[in-house]
Amino acid sequence: METESEPYVRLASLRQLHQVMADMNTARSLADTLQTVADGVVQALGYELACVNLVRADGDLVVAAFSGNQAAEALITGRVGSRESWERRLGMGEQWGDLIFIPHTEGWVLDDDDVPQWYTDGPAPRFEDEWHPSDRLFAPMYAPGPQGGGPCGELIGVLSVDRPRNGRRPGAWGREALQMYAFQAAIAISNARLRSNMQRALVRLEREQQALRASEESFRQAFEYAPSGMAIAEMGGDQHGRILRTNDALCRLLGRPASAMRRYAFSDLVHPEDIGTLLRTSAEGGRAELRLGRRDGTYVWVSLRNSVVADAADGPRFLLTHVEDIEERKRRELQLAHRASHDSLTGLPNSAELRSRLSARLCQRPQSAHGAVADAMDAAYGHPVFDSGGHTFDFRSAADPYGAYDHHVHTVAPEGDRDDGTKGLAVLFCDLDGFKSINDRFGHNAGDAVLIEVARRLSSGVRDGDTVARLGGDEFVILADGLGRADAQDLAVRLRNEIIQPIRAEGRAVRVGASFGIGWAHCGMTADEVLKSADERMYVEKRSRPKQHRRAG
């Protein structure tokens with residue numbers, strides 16, 4: 001068609017144009033349709049290059065198909081131009097009907113926008129209608145029907161064409177042909193999208209129907225042969241929670257036959273301490289980790305997950321419960337928790353665990369829904385206050401600062417330096433004397449051996465229920481409840497006498513001494529305040545002893 005003069009057009013060219021329009025309406029997919037549209041411009045309309053810019057869901061335009069030059073196709077296919085830049089292009093230049101022609105004399109202002117392009121520069125045209133390499137010709141494609149957004153409907157894309165084979169700007173016939181082609185391409189693309197959506201919908205519908213037909217059998221097999229426990233229980237009514245059906249895996253887990261399981265509800269099988277957890281678990285989509293009783297009287301940790309299923313539309317609803325054995329995971333979690341809370345060298349509780357155990361004994365302020373706010377204010381201002389509804393509350397001035405601890409046994413401490421018979425929570429802060437010289441002379445392996453043996457001796461020298469913790473380095477802390485002042489002092493003497501005995505380390509006998517400070521915990525103090533008090537007393541005791549007597553041997 002590019003070699004023909006207007007208005008004369010050969011019948012063969014019209015047939016070729018008709019054929020490419022038929023091809024783009026019979027393409028198998030949206031992607032094939034877009035590529036057929038681009039190829040048809042090159043094959044039937046006499047241009048060397050064609051690009052289909054398709055409007056995306058976000059409004060920007062993506063280069064969806066390209067024809068005529070493989071290098072240019074690889075460069076710009078898939079790249080995106082903003083809707084703002086495209087609207088600028090479609091609003092300038094010369095309007096040839098629905099077409100937009102931007103001559104090279106104006107197009108230079110578009111060189112730096114974000115629309116993907118392949119234009120090159122060239123010499124000035126030798127005659128009036130000669131095509132320049134920087135000329136731009138766009139054919140907007142609008143969805144058919146008066147839907148707004150354009151002369152015919154919503155903009156769905158733009159055809160970009162370049163390099164007419166006859167080297168001239170298209171005349172009246174060429175313009176009309178390109179405009180008609182863009183109109184037909186818009187219909188083909190809209191139809192391809194519709195077919196694609198319909199095909200997806202049909203596939204989804206067929207899959208849903210197949211799933212519906214197979215659901216009962218699938219559910220039965222999934223229920224019966226599930227590797228973890230499954231149960232169906234009644235939901236609502238007087239028999240709420242009663243087990244109606246169980247699978248083999250749950251029966252094996254609990255060591256109970258299916259016939260016996262139907263006599264129970266989960267509330268009958270749960271560990272007494274976990275009843276509250278079960279009751280707090282929402283029936284619909286609820287999850288809980290709790291213990292269920294076996295037939296032999298033991299308990300197993302399980303993860304229990306509930307979901308609601310209906311027997312039929314608007315029919316009775318049942319509770320489907322999935323029960324997974326998590327005994328091994330719970331065991332690992334306990335091991336990990338122990339590692340996190342205990343010193344890796346000595347096996348004693350570490351500093352964090354020591355503070356946790358100590359804090360658990362000390363009530364400091366009322367706990368409420370404002371607890372987190374109060375803690376933050378305490379950290380910020382140095383005293384426990386919070387502001388609620390414009391009113392500031394100071395915990396220290398509360399009439400009953402321990403009112404929230406209705407069942408808490410308050411920790412008290414002996415008063416004065418004499419033993420008044422009061423039994424309290426003694427905190428013995430132990431610091432080794434001469435330990436650094438062992439590390440310096442014999443190495444850290446010897447030092448580690450000393451710490452391990454000191455930890456063993458301290459643990460052996462206290463009662464069951466007392467806590468021996470390694471605070472860090474060569475510092476240890478003992479929490480001993482129910483002691484008077486004389487008891488605590490006797491304990492410190494006994495522990496010191498144990499520590500100063502020779503210790504075998506790296507094939508040699510070494511000795512260390514120990515300084516003890518005795519502090520007393522009582523409610524109203526923080527764990528750090530208690531430890532600081534004992535630490536200060538330890539240093540007083542250390543300084544009061546002659547240096548040569550701080551370490552025996």
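In this chain, residues are counted from 1 in sequence order. Keep in mind that the numbers below use all heavy atoms, side chains included, and drop hydrogens, waters and symmetry copies.
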Review point. Passes side-chain contact (heavy atoms from CB on, under 4.5 Å), Leu254 versus Met261? Steps please.
Key: CA-CA 9 Å; Leu254 300 183; Met261 289 291 291; 3.8 Å; yes

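- Contact detail for Ala226 and Ala249: the closest heavy-atom pair is O-CB, 3.5 Å.
- From Leu279, atom CG reaches atom OG of Ser267 across 8.0 Å, with rounding to the nearest 0.5 Å.
- Using modelled atom types, one side-chain atom of Thr33 and one backbone atom of Ser29 make a donor-acceptor pair closer than 3.5 Å.
- Arg136 contributes atom CZ, which lies 10.0 Å from atom OG of Ser160 (distance to the nearest 0.5 angstrom).
- In terms of modelled atom types and a separation under 3.5 Å, the side chain of Asp268 and the main chain of Ala265 share a donor-acceptor contact.
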Exercise for the section: Applying side-chain contact (heavy atoms from CB on, under 4.5 Å), run through Ile232 and Leu319 and close with a yes or a no. Expected result: CA-CA 6 Å; Ile232 297 176; Leu319 202 60; over 6 Å; no

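- Here the side chains of Leu49 and Val42 are not in contact, with every heavy-atom distance at 4.5 Å or above.
- Under the 30°/60° scheme for interplanar angles, the aromatic rings of Phe138 and Trp86 are found to stand perpendicular.
- Rounding to the nearest 0.5 Å places CG of Leu358 at 8.5 Å from OG1 of Thr526.
- A donor-acceptor contact shorter than 3.5 Å links the side chain of Asn350 to the backbone of Glu353.
- Between the Asn247 side chain and the Ser228 main chain, a donor and an acceptor come within less than 3.5 Å of each other.
- Around the CD atom of Glu84, the shell of radius 6.0 Å holds no more than 12 heavy atoms that belong to other residues, nucleotides or ligands.
- Annotation: side chain of Tyr264 is in contact with side chain of Arg256 (closest heavy-atom distance under 4.5 Å).
- Under the 4.5 Å side-chain criterion, counting only non-hydrogen atoms from C-beta, Arg355 is in contact with Asp528.
- Distance CE/Met24 to CG/Asn191: 10.5 Å, rounded to 0.5 Å.
- Put simply, CZ on Arg339 and OG on Ser344 are 11.0 Å apart, with the number rounded to the nearest 0.5 Å.
- Pairing each heavy atom of Ala27 with each of Thr36, the nearest pair is CB-OG1, 4.2 Å.
- Between the side chain of His342 and the backbone N or O of His338, at least one donor-acceptor pair lies under 3.5 Å.
- A pairwise comparison of heavy atoms in Ile156 and Ser190 identifies CD1-OG, 3.8 Å as the closest pair.
- A salt bridge does not link Arg169 with Asp129: none of the charged nitrogens is closer than 4.0 Å to a carboxylate oxygen.
- In Glu128, the CD atom is not crowded: 12 or fewer heavy atoms of neighbouring residues, nucleotides or ligands sit closer than 6.0 Å.
- Here the closest heavy-atom approach between residue Tyr299 and residue Arg294 is recorded as O-NH1, 3.8 Å.
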Report the C-alpha separation of Glu289 and Lys330 in whole Å, then their side-chain angles, then the decisive distance to 0.1 Å, and conclude whether the salt bridge (charged side-chain N to carboxylate O under 4.0 Å, His left out) test is met. CA-CA 10 Å; Glu289 292 187 356; Lys330 278 293 184 179; 3.2 Å; yes

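- The side-chain heavy atoms of Val115 and Leu110, taken from C-beta on, include no pair separated by under 4.5 Å.
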Requested in this report: Apply side-chain contact (heavy atoms from CB on, under 4.5 Å) to Asn53 and Val62, showing your working.
Outcome: CA-CA 5 Å; Asn53 302 276; Val62 61; over 6 Å; no

Check: Step by step, would you call Leu45 with Val161 a side-chain contact (heavy atoms from CB on, under 4.5 Å)?
Finding: CA-CA 10 Å; Leu45 295 182; Val161 300; over 6 Å; no

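- Taking the six-membered ring where the residue is Trp, Trp131 and Phe101 present tilted rings, their angle falling between 30° and 60°.
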Could you go through the salt bridge (charged side-chain N to carboxylate O under 4.0 Å, His left out) check for Glu224 and Arg220 one step at a time? CA-CA 6 Å; Glu224 293 293 343; Arg220 188 191 67 80; 5.7 Å; no

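- Arg89 approaches Ile102 most closely through the heavy-atom pair O-CD1, 3.6 Å.
- Note: Leu159 CG to Met141 CE = 4.5 Å, rounded to the nearest 0.5 Å.
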TODO: Would you check, one step at a time, whether the test salt bridge (charged side-chain N to carboxylate O under 4.0 Å, His left out) holds for Asp60 with Arg83?
DONE: CA-CA 5 Å; Asp60 293 338; Arg83 184 62 173 262; over 6 Å; no

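- Between Arg88 and Asp113 there is no salt bridge, since no side-chain nitrogen of the basic residue lies less than 4.0 Å from a carboxylate oxygen of the acidic one.
- By the 6.0 Å contact criterion, CZ on Arg295 is open, its count of non-hydrogen atoms from other residues, nucleotides or ligands being 12 or less.
- A cation-pi arrangement is present between Arg168 and Phe127, with the terminal nitrogen or guanidinium carbon under 6.0 Å from the aromatic centre and inside a 45° cone about the axis.
- With Asp135 contributing its side chain and His104 its backbone, the two residues share a donor-acceptor pair below 3.5 Å.
- Donor-acceptor pairing under 3.5 Å is recorded for the side chains of Thr298 and Asp296.
- At least one donor-acceptor pair closer than 3.5 Å links the side chain of Glu327 to the backbone N or O of Trp301.
- Proximity of a side-chain donor or acceptor of Arg175 to a complementary backbone N or O of Pro170 within less than 3.5 Å is detected.
- Put simply, the side chain of Thr26 gets close to the backbone of Asp23: a donor and an acceptor are under 3.5 Å apart.
- The 12-atom threshold is exceeded at CD of Glu206, counting heavy atoms of other residues, nucleotides or ligands nearer than 6.0 Å.
- Across all non-hydrogen atoms, the minimal contact from Leu178 to Leu137 is CD2-CD2, 3.7 Å.
- Defined by atom type and a distance below 3.5 Å, a donor-acceptor pair is present between the side-chain atoms of Glu94 and Trp96.
- For the pair Arg245 and Phe223, the distance from NZ or CZ to the six-membered ring centre is under 6.0 Å and the angle to the ring normal is within 45 degrees.
- For the residue pair Glu73 and Asn69, no side-chain donor N or O sits within less than 3.5 Å of a side-chain acceptor on the partner.
- Contact check for Val80 versus Arg56: side-chain heavy atoms found under the 4.5 Å cut-off.
- Looking at Arg200 and Asn197, their side chains come closer than 4.5 Å, going by heavy atoms from C-beta outward.
- Of the N and O atoms on the side chains of Ser359 and Ser356, not one donor lies less than 3.5 Å from an acceptor on the other residue.
- Looking at heavy atoms from C-beta onward, Leu30 lies out of side-chain contact with Arg195 at the 4.5 angstrom threshold.
- Residues Glu106 and Pro103 have side chains in contact (heavy-atom distance under 4.5 Å, counting atoms from C-beta outward).
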